[in-house]
Amino acid sequence: MNNQELLQRSRAAVWHPCTQMKQHETLPLIPIARGQGAWLYDFDGNRYLDAVSSWWVNLFGHCNPRINGAIKDQLEQLEHVMLAGFTHQPAVELSEHLARLSGLGHAFYGSDGASATEIALKMSFHCWRNRGCPAKTRFVSLENGYHGETIGALSVTDVALFKDTYAPLLRSSVQVPTPDWRYAEAGESAHDFALRRALDLRRHLEQHHGETAALILEPLVQGAAGMGMYHPEYLRQARAICDEFSVHLIADEIAVGFGRSGTFFAFEQAGIQPDFLCLSKGITGGYLPLSAVLTSDPIYQAFYHDEVAQGFLHSHSYTGNALACRAALAVLDIFAEDKVIEANRAKTELFNRIAEPLRLHPKLRNFRNTGMIWAFEVTDSAPGFARNFFEAGLKRQVLLRPIGNTVYFMPPYVVDEEQFHQLVAATLEIIECPV
Ligand SMILES: *Cc1c(COP(=O)(O)O)cnc(C)c1O
C-alpha cells in the first residue's frame, strides 16, 4: 500500500464527512497508516502533529498502551450485548463513575454526540409532559451554538453552513444572543458582557417559559463557532434564570467535557449543575463511538411509573457497547492515576508562555485560551484561508484545521513542550509567509 493508491481508492469508494468531494480533485486526502502519541504517520514516512485531536476526540494520544490494553482485555470477555433487559460490568461501572464526577446519577447511552443531543431534547420534553406540562415543546439555544447535525440536533444548532440547506426539514427553535466575548463592546469586560447577554435570555424566558422545555448550550466554549469563549458568570445566570422560569438546562459538554476546559466538566467553573449533561468525543479517549446523557434524580423520577409509555422508550442498537464503555473506564483511570487535571493546569501555563509570540503578533486578534484550547483570528486573511493554512500546516508536520479565519489548537493532553514549541513555530511561519 502507498499513499497514492489509498487516496484514489478512498475517493472512489468513501464519501467523506463534511466535505465537498469535488475539492479532492485538487486537495489530496491524507492517508494515515498509523498513529503514535500526538503523531499521525502516512505511508511515505511523513508525520503530522495531531493539533486538533482528530476532531476533538483524542485525549491521551493515538495507540495509548493503557487504553489498548483495556480494550483487548474486554474483547476476550464480552464485546457487546443489548442493554435493554441486560446489563454488564463496564456499563455499570462507567455510570457509577460518571455519577460520582458529575453529581448526576442516571446515565443513558448513545453512540455519537448528535444522538446525545437528541436524547436530551426528547427527555426534557417528555419529562415536562409526564409532569403535566405538555405545552413545553420548544427549545432555546445560543447564537452560533453547535449541537450536532441530525435533524433534531441541527434544529438547535446555529451554524449557517450546516443548517441553511436543511432549513425546510427542521423544527424552528429560538437563539438568544451569544455571550462569546469577541462580540463585547470595546472596554466591556467578559464578565459584564455575560451579564448583559444573560438579560437577553431572561427577557426571552419571561415571555416564553410556558412553551419552553429547555435551554441547551455549550458551557464556556462554543467550539464550532470558532472556539468562542465566554465568562462562567453566564452559566451561573443561565442556571438561575432557568430555575426561576422552570426551564431545563442542558449542558452540551460533548467537546468541552473530560478536562478540555481545564476542569473535568466545564460547568464546575460556574459552581452550577445542569439538569442534563451530554458527553461524547473524549469519553473513550477518541477510540470508539460512545455518548452519554446524565440526568438528575428528579428528572429520572418523572419517568419512573407503572405506565410503560411514561418511560423513556428510546434506544440505539449499540447503546452502552461494552468495548466502548471499557475504553471510557480506562480513560477515567488515566485521569485519576496521572492526576491529569492538575498536570494539564501546569501544561496550560507553560503553553501560554510558549504561545506568547502569537498573543503579541500584530496580524492576530483575540488570542484566547480556556484549559487545553487555544484560538485566535488572523486578520486580513485571503479567501481560501482555512484550506491554505491546512495545506501549509501539513508541509510543516502539523495538522491544523482553521474554522474560517480562526486558527485553534486543541491538542491531545500528551502533547509535550517540544511538540508545542514546534506547533507555535510552524503557525508563526505560516502566518508570516503562508506557503
Ligand atoms: C461534535 C459535537 C456534537 C456532535 O457530536 P457528533 O459525535 O459529531 O455527532 C455536538 N455538540 C458539540 C458541542 C460538539 O462539539
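Scope of the values below: all heavy atoms of this structure, side chains included, with no hydrogens, waters or symmetry mates. We're numbering straight along the sequence, starting at 1. Atoms within each ligand, like the ligands themselves, are counted from 1 in listed order.
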- request: Would you check if there is a donor-acceptor pair between the side chains of W181 and N366 at a distance under 3.5 Å?
  value: no

Review point. Parallel, tilted or perpendicular for H126 and F312, by the 30°/60° rule?
Key: tilted

| task | Could you verify whether a donor N or O on one side chain and an acceptor N or O on the other, from R138 and S172, lie under 3.5 Å apart? | result | yes

In short, side chain to side chain donor-acceptor pair (under 3.5 Å) pairs touching residues 232-241 with sequence neighbours left out are E233-R236, E233-Q237, R239-D243, R239-D275

**OP:** Verify whether one side chain among S124 and H248 offers a donor that lies under 3.5 Å from an acceptor in the other.
**Re:** yes

Contacts for ligand 1, heavy atom under 4.0 Å, by chain and number, are W56, D112, G113, A114, Y146, H147, G148, E218, D252, I254, A255, K281

When rounded to the nearest 0.5 Å, the distance separating CG of L294 from NE2 of H106 is 10.0 Å

